[in-house]
Amino acid sequence: MRQPLVAGNWKMNGSRDSATGLLKGVAAGIGGLATEVVVCPPFVYLEQVGRLIDGTAIQLGAQNMAREEAGAFTGEVAGSMLQDMGCSYVILGHSERRSLYGEDDAVVAAKTVRALADGLLPIVCVGELLEERQAGKTEEVVGRQLNAVLDAVGAAGIARGVIAYEPVWAIGTGMTATPEQAQEVHAFIRAGVAKYDGAVAEGLRILYGGSVKGDNAEGLFGQPDIDGGLIGGASLKVDDFVAICRAAG
Ligand code: 13P
């Protein structure tokens, strides 16, 4: 049995004030759930959020990290620093990092290696653009992104992390993949990992992300290969995020 996981990716949103209210509400709402819940605030709020979730069931994650270990890399944040701040998880290869900041498969793979070395659990994001889906290239793109990471860290490495399937056309658009569309790609991802190691594939949690809301989460999470969600916009609203965590549990 894979424990469901719901991670909130706040992206570049929030403030000290909003974090306080949001986390109080979420902590109160998820009590007793079987779902593992993670919040990923911007770097500058990690310390504050870490304090706010202390003693709750919520875990801390970051949205990105440097591929280098330490040193003269102005503006970058090392995985070891995230670990030092109490992060368990780090999101890597989000489509916004890939498209807006030029992170290619090699960079994402290198960051995954670094994250594991720094004792973090990577949430590796994969997903196709709309034109790639329309051209029938979803499996080609997702397979390429997945294999880049698998080749770098092996099945044993990926076993310590999580994969998030986020079709780029569904992110922030309100255009969710149907449960069937998502399931098809999740099954493809699991089969891809099984080529490296069947037991690892069976135990691996694969999250869906892209316009997940309180009212569509249940249908998605009801699919056999969807083990939870990576949530953007709805993770900033207590009621929505709690409803999604409940739907996963
Ligand atoms: P939305 O839930 O806002 O579509 O964002 C999804 C996402 O990118 C999470 O990482």
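Indexing begins at 1, ligand by ligand and atom by atom, following the structure's order. All figures in this text were calculated on a predicted structure; none of them were measured in a lab.
- Leu33 is linked by a side chain to side chain contact (heavy atoms under 4.5 Å, CB included) to Ile30, Thr35, Cys245, Arg246, counting only residues two or more places apart in sequence or in another chain.
- With ligand atoms numbered from 1 in the order given, ligand 1 contributes 4 (O) to contacts under 4.0 Å with heavy atoms of Ala170.
- In terms of N/O distances under 3.5 Å, ligand 1 is approached by Lys11.
- Judged purely by distance below 3.5 Å, without hydrogens or angles, the side chains of Ser95 and Glu166 never pair a donor atom with an acceptor atom.
- The backbone N or O of Trp10 lies less than 3.5 Å from a partner atom in the side chain of Asn13, making a donor-acceptor pair.
- In this structure, a donor-acceptor pair under 3.5 Å is absent between the side chains of Gln145 and Asp105.
- What sits closest to atom 2 (O) of ligand 1 on the protein, heavy atoms only, is Gly232 N, 2.9 Å.
- Counting protein heavy atoms only, atom 7 (C) of ligand 1 is closest to Glu166 OE2, 3.1 Å.
- With hydrogens and angles left out, the side-chain atoms of Trp169 and Glu128 include a donor and acceptor closer than 3.5 Å.
- The ligand atoms of ligand 1 that sit less than 4.0 angstrom from a heavy atom of Asn9 are 9 (C), 10 (O).
- The N/O atoms of Lys213, backbone and side chain alike, include none that comes under 3.5 Å of an N/O atom in ligand 1.
- Side-chain contact between Leu5 and Leu207 is present, with heavy atoms from C-beta onward closer than 4.5 Å.
- Those atoms of ligand 1 that come under 4.0 Å of a heavy atom in His94, given as number and element, are 7 (C), 8 (O), 9 (C), 10 (O).
- Every N/O-N/O distance between Gly210 and ligand 1 stays at or above 3.5 Å.
- No side-chain N or O of Asp225 forms a donor-acceptor pair with one of Tyr208 less than 3.5 Å apart.
- The single protein non-hydrogen atom nearest to atom 3 (O) of ligand 1 is Gly233 N, 2.8 Å, given as residue, atom name and distance.
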